[in-house]
Amino acid sequence: MLFGGMFMRYSKLFIPTLKEAPTDAEAVSHKLMVRAGFVRQLAAGLYIYLPLGIRVMEKINRIIREEMNAIGGQEVTMPVLNPAEVWQQTGRWDAIGGEMFRLKDRGGRDMCLAMTHEETMTWLAAHDIRSYRELPQIWYQVQTKLRDEARPKSGVLRTREFTMKDSYSFDKDEEGLDKSYQLHLEAYKKIYTRCGIRFHVVQSDTGMMGGSMAHEYMAPSPAGEDDVALCDGCGYAANTELALSVPKASNAPGGNVEEVATPERRTIDEVTRFLKVTPDHLLKSILVMSDSGPVLALVRGDQTLHEKKLAKLIGPHRPGQKDEVKAALGVPAGFIGPMGHKVRKIADPVLKQGTYIAGANKEGFHLRGVSAGKHFSDAEFADIHTAAAGDACAQCGKPLRIERVIEIGNIFKLGTKYSVPLKANYLDEQGNEKPIIMGSYGIGPARIAAAAIEQGSDENGIIWPLAIAPYQVLIVPVNVKDARSMDIAEEMHTALEEKGFEVLMDDRDERAGVKFKDADLIGIPCRIVIGEKNLKEDLVEIKSRKTGVVEKVKVAEAVEAIAKKIVMENA
RNA sequence: CGGGGCGUGGCGCAGCCCGGUAGCGCGUCUGCUUUGGGAGCAGAAAGUCGGAGGUUCGAAUCCUCUCGCCCCGACCA
């Protein structure tokens, strides 16, 4: 065939594989994406996608588009460069800090690079939706977003510039929003399932966005940045930012109130060791500084205070410094007890029962026999601890599991948070002007790719799920100088492409070992090896990247065998 | 933004503590041999040591400043 025809030839493709992973790469997906020639890093949080990387991204995006279109989503594009005005109208111009890239145009007008598109999407709705007859709408885009991340990390998982599929629903009432939300909830499940990754759908924090409901899609992986609590009993699943749990009961003995000398023992660790008790016998008093003054947070010694849970009650806060502790409570840090202080106190509900050892509010001393009734009846009780593995599910009592996860998508009920300030209103059946009820829904395609690698790789390289692999089949003629091998390789290539498969042929004049190593690294699901020895018996090899299983089949039957195999594995 | 680490041929590193104008592996190029799991031999090209300033007869090595990258934490609408 002239110039190799339209065949995808490895020798012509830019696939710069590396024997060694960059030392500064930590996450498996980061190392492998670089080594296998899918991406290159330009600067912190900025990545170049190479030909193989693009193929993967396009496959993921195609799946996303198909499922979005299936629920009535309509694709649009929004400018990446935004005027400040719309962001000022919703208040986010000021509310968002250094994470937003800002600049001025030549006329001196304030502009920003969009980090999400609630504003511009709502602007569009405000201008062009008039009547309830035009609702509902679902608009989406697959677009570049920019965020000046404080800390880009883990390769493609947290970058400053990234593609995001974001969709927005516009409804006339809450009922409509419920429906749009539900459509997305299901569409997202289909998307991740089709992409071949394992995931959980969990309740998530609506955060400072103030929406009424939110879920996150989480792919289990040690490279993740979130933790979720999961209950095998009732299916409860929530981000630990809000997961409720009932800690195991403390076996702390009761006893009288008495001071005990604990010289220079300040931390839970030091005190438990010194008094020969377990951490759940202690009460931890943590002073934080909120906008409305110091707040004393109380949790059991074996619990971890969850900052976000506390933030929901008292707003933004930070840990108190040593001198602030002294100033607010008159006690040196390390010996704070819950009793007697005038500051606001928030205590975890587990502390309602039992007696504990707490700081004595006196340097070098702790106090035994501290209980809620006697010592901090003035505290507000609220779940402020971090759900831990083994805690009981708040719904059914079964033990919770904690898993580390990558956030691969989220869905939010926004309500009228954006439609009111941007005046996105419609006229209802009675002719009354009402704000549109909105939802927003995001997916990070690059995170899907990274999660797929995190969940599927071995010491030799990537193991792509078939649906998002850059190619489905790799044909490896061992000796490219052998005419018969090449003829058969090209015939099979053509035959497989005619059946609709995506095929790459490694026509490089390299030793077999080199080709095999690259094949494993790149992770194409199905590999056909055409070698002279096997050819003498009219056989070729088919090897599954995932299982490693090799089968020899007759040349004449190879194409059918592969087609069948792929269809079966895809089912 | 706080803490830590690192910047030396294309990639991965040594040299730095105890200053004396760079070395190893891989890759690249040429030739011969090899040819089913990252080949062997011979030869070659390629770095002024992130940048600036300073100390010194002399700086990759010491000092100051600066830029960049990574990790932990904070942040993450």
Side-chain angles (χ1 to χ4, degrees), chain A residues 16-27 30-31 34-37 40-46 87 90-100 112 114-119 122 145-155 157-160 162 164 166 204-211 214 216 223 225-226 239 241 288 307-308 311 316-319 321 407 410 412 414 417-418 438 440 442 444 459-461 476-482 485 506 508-522 527-535 539-541 543 548 550 552:
Chain A
T17 59
L18 265 23
K19 283 191 182 174
E20 293 173 279
T23 31
D24 51 17
E26 197 78 7
H30 185 191
K31 288 181 188 164
V34 173
R35 273 196 66 204
R40 285 294 182 265
Q41 181 177 10
L42 175 65
L46 299 175
W87 292 80
T90 60
R92 290 165 112 191
W93 179 264
D94 296 315
I96 296 170
E99 210 174 46
M100 186 190 278
C112 67
M115 40 196 295
T116 173
H117 284 86
E118 278 81 11
E119 275 77 3
T122 310
K145 302 275 187 291
L146 291 116
R147 293 182 190 173
D148 196 358
E149 288 285 349
R151 193 182 154 204
K153 56 176 288 197
S154 306
L157 278 176
R158 179 168 290 272
T159 55
R160 294 192 290 179
F162 57 98
M164 179 170 162
D166 48 325
S204 79
D205 192 359
T206 51
M208 307 296 154
M209 294 201 54
E216 285 166 330
E225 299 178 282
D226 286 280
N239 192 311
E241 288 172 18
V288 301
E307 310 272 340
K308 294 217 169 153
H317 62 274
R318 56 175 178 77
Q321 308 286 329
E407 183 188 344
N410 56 45
F412 266 101
L414 295 175
K417 178 167 167 93
Y418 297 92
M438 293 177 54
S440 86
E459 60 284 353
N460 293 315
V476 184
V478 174
N479 180 6
V480 298
K481 289 176 182 138
D482 178 57
S485 297
D506 192 346
R508 293 176 301 167
D509 186 8
E510 287 283 359
R511 300 168 67 85
V514 173
K515 296 194 188 189
F516 293 157
K517 287 288 182 188
D518 277 335
D520 286 347
L521 225 203
I522 290 166
R527 181 171 101 195
I528 307 171
V529 180
I530 300 173
E532 291 169 274
K533 271 183 215 156
N534 283 320
L535 233 37
L539 295 171
V540 295
E541 276 175 20
K543 182 173 183 181
V550 177
K552 292 188 182 182

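Only this structure's heavy atoms are used, side chains among them; waters, hydrogens and symmetry mates stay out. Quick note on labels: first sequence line is chain A, next is B, and so on, each numbered from 1.
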Fill in: Shortest side-chain distance from Q41(A), nucleotide among rG38(B), rC76(B), rC69(B)
rC69(B)
Practice prompt. Could you tell me which residues satisfy side chain to side chain contact (heavy atoms under 4.5 Å, CB included) with R35(A), sequence neighbours excluded, listed by chain and number?
Written response: L18(A), A21(A), L521(A)
Discussion item. Run the side chain to side chain contact (heavy atoms under 4.5 Å, CB included) test against N410(A) and tell me which residues pass, sequence neighbours left out.
Written reply: E216(A), E407(A), F412(A)
Quick one: side chain to side chain donor-acceptor pair (under 3.5 Å) partners of [X], sequence neighbours excluded?
| X | result |
| --- | --- |
| E510(A) | none |
| R158(A) | E149(A), E225(A) |
| T116(A) | E118(A) |

If I pick the [atom1] atom on [M] and the same atom on [N], what distance separates them, to the nearest angstrom?
| N | M | atom1 | value |
| --- | --- | --- | --- |
| rG38(B) | rG5(B) | C1' | 31 Å |
| rA39(B) | rU35(B) | P | 13 Å |
| rC6(B) | rG50(B) | C1' | 11 Å |
| rU61(B) | rG2(B) | C1' | 30 Å |

Worksheet item: CD1 of I96(A) versus P of rC75(B): gap in Å, rounded?
Response: 16 Å
Every protein N/O lying under 3.5 Å from an N/O of nucleotides 33-36 of chain B:
| residue | atom | partner | partner atom | Å |
| --- | --- | --- | --- | --- |
| rU34(B) | O2 | R511(A) | NH1 | 2.6 |
| rG36(B) | O6 | G531(A) | N | 3.3 |
| rG36(B) | O6 | N534(A) | ND2 | 3.4 |
| rG36(B) | N1 | E541(A) | OE2 | 3.2 |
| rG36(B) | N2 | E541(A) | OE1 | 2.5 |
| rG36(B) | N2 | E541(A) | OE2 | 2.7 |

Worksheet item: Reckon K19(A) has a side-chain N or O less than 4.0 Å from the OP1 or OP2 of rG27(B)?
Response: yes
Discussion item. Between H30(A) and K153(A), does the side-chain hydrogen bond (donor to acceptor under 3.5 Å, both in side chains) criterion hold? Intermediate values first, please.
Written reply: CA-CA 9 Å; H30(A) 185 191; K153(A) 56 176 288 197; over 6 Å; no
